[in-house]
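Report on one structure; see the data block that follows.
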Amino acid sequence: MPELNLILFGPPGAGKGTQAERLERDFQLPFISTGDMLRGNVKNETDLGKKAKQFMDAGDLVPDDLIVAMAGERLQHKDAQDGFILDGFPRTLEQAGALDKQLSGVGRRVTAALLIDVPDDDVIRRLSGRRMCVKSGHNYHVEFDPPKHEGVCDQDGSRLVQRDDDKPEVIENRLKVYHEQTEPLVEHYDEQGLMRRIDGTRPAAEVNDHIRAVIATLRLEEDV
Ligand code: AP5
């Protein structure tokens with residue numbers, strides 16, 4: 001079967017993490033989130049984590065050289081050799097160029113970029129109500145996807161907290177950064193015929209159905 005090298009992108013709070021959790025269960029593809037990797041580094045107080053924290057707390061992007069090195073190394077792991085789903089990378093044109101270069105250097109390429117499209121007003125509602133478990137980062141929403149017991153993760157029983165960068169003033173900056181630095185990637189992947197748009201305003205299960213249908217079509221196209 002041909003490999004699927006997918007990029008999941010969209011504004012903060014579009015539902016990338018929510019969808020990735022479901023896709024990971026449905027497809028035999030490793031899910032690679034630069035946001036999760038960075039949060040792991042911050043938690044473990046690594047050198048990278050110490051450098052990244054100030055940018056993350058402010059809702060700014062972590063510098064390209066740090067991200068390209070971290071993601072590039074992760075993509076060389078054995079589990080990513082037959083396909084992957086990237087979440088939150090690339091996020092700038094420079095990162096997209098570095099990814100293209102790394103993949104083409106080993107005869108590979110991006111199969112498709114899946115844009116989960118959600119307007120700013122929805123993003124603000126979603127991020128301000130999001131809660132995350134301290135143990136494994138499972139996501140909930142106080143209104144749209146509440147846990148069975150308030151403040152407790154359904155999957156591992158750990159405590160649910162609000163992310164530091166989900167404060168209102170930081171959300172505003174994350175949206176600004178997305179529109180200025182990440183949105184130009186839509187044109188980049190459109191020009192290559194790789195962009196697929198998903199309406200992210202639908203309930204999570206419907207968004208998942210749409211993404212699964214897109215992936216099924218891609219598999220057929222790659223087989224041709
Ligand atoms: P990152 O962790 O990647 O954050 P993000 O892109 O801002 O995305 P989020 O994780 O906030 O949202 P999401 O789209 O995953 O939404 P979710 O599924 O949680 O990055 C964090 C920081 O790291 C960045 O700000 C930056 O500093 C740094 N960074 C990371 N990658 C970088 C890179 N490549 N370059 C430079 N810096 C980088 O859903 C949100 C909420 O909505 C949840 O509560 C969920 O339950 C709910 N929800 C989800 N889907 C639906 C739905 N369909 N309907 C209703 N509610 C829904």
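Each ligand, and each atom within it, is numbered from 1 in the order the structure gives. Keep in mind that what you see is a predicted model, and the values were worked out from it rather than measured.
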Is the closest N or O pair between [X] and ligand 1 shorter than 3.5 Å?
X      : result
Gly13  : yes
Asp165 : no
Ala14  : yes
Asp166 : no

Backbone, side chain, both or neither: what part of [X] comes under 4.0 angstrom of ligand 1, heavy atoms only?
X     : value
Ala52 : neither
Arg39 : side chain
Leu61 : both

Point to revise | Candidates Asn208, Leu114, Ile198 - the one meeting side chain to side chain contact (heavy atoms under 4.5 Å, CB included) with Gln19 | key: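 For Gln19, the side chain to side chain contact (heavy atoms under 4.5 Å, CB included) test succeeds with only one of Asn208, Leu114, Ile198, which is Asn208.
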
Residue [X] vicinity, atoms of ligand 1 by number, heavy atom under 4.0 Å:
X      : value
Gln95  : 33 (C), 34 (N), 35 (N), 36 (C)
Phe144 : 55 (C), 56 (N)
Ala204 : 52 (C), 53 (N)
Tyr140 : 43 (C), 44 (O), 46 (O)

Report the member of [options] with the shortest heavy-atom distance to [atom].
atom                    : options                      : result
atom 39 (O) of ligand 1 : Val68, Ile67, Ile116, Thr18  : Thr18
atom 31 (N) of ligand 1 : Asn139, Asp64, Asp36, Thr34  : Thr34
atom 1 (P) of ligand 1  : Glu94, Arg91, Gln181, Arg131 : Arg91

Exercise for review: Return the residue, atom name and 0.1 Å-rounded distance of the protein heavy atom closest to atom 52 (C) of ligand 1.
Suggested key: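 Among all protein heavy atoms, the one nearest atom 52 (C) of ligand 1 is Arg126 NH2, 3.3 Å.
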
For the backbone of [Y] and the side chain of [X], can you confirm whether one donor and one acceptor N or O come within less than 3.5 Å of each other?
X      : Y      : value
Lys16  : Pro11  : yes
Glu24  : Leu29  : no
His141 : Glu143 : yes

Exercise for review: Using a 4.5 Å cut-off on heavy atoms from C-beta on, say whether the side chain of Leu103 contacts that of Val110.
Suggested key: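 Touching, per the 4.5 Å side-chain cut-off.
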
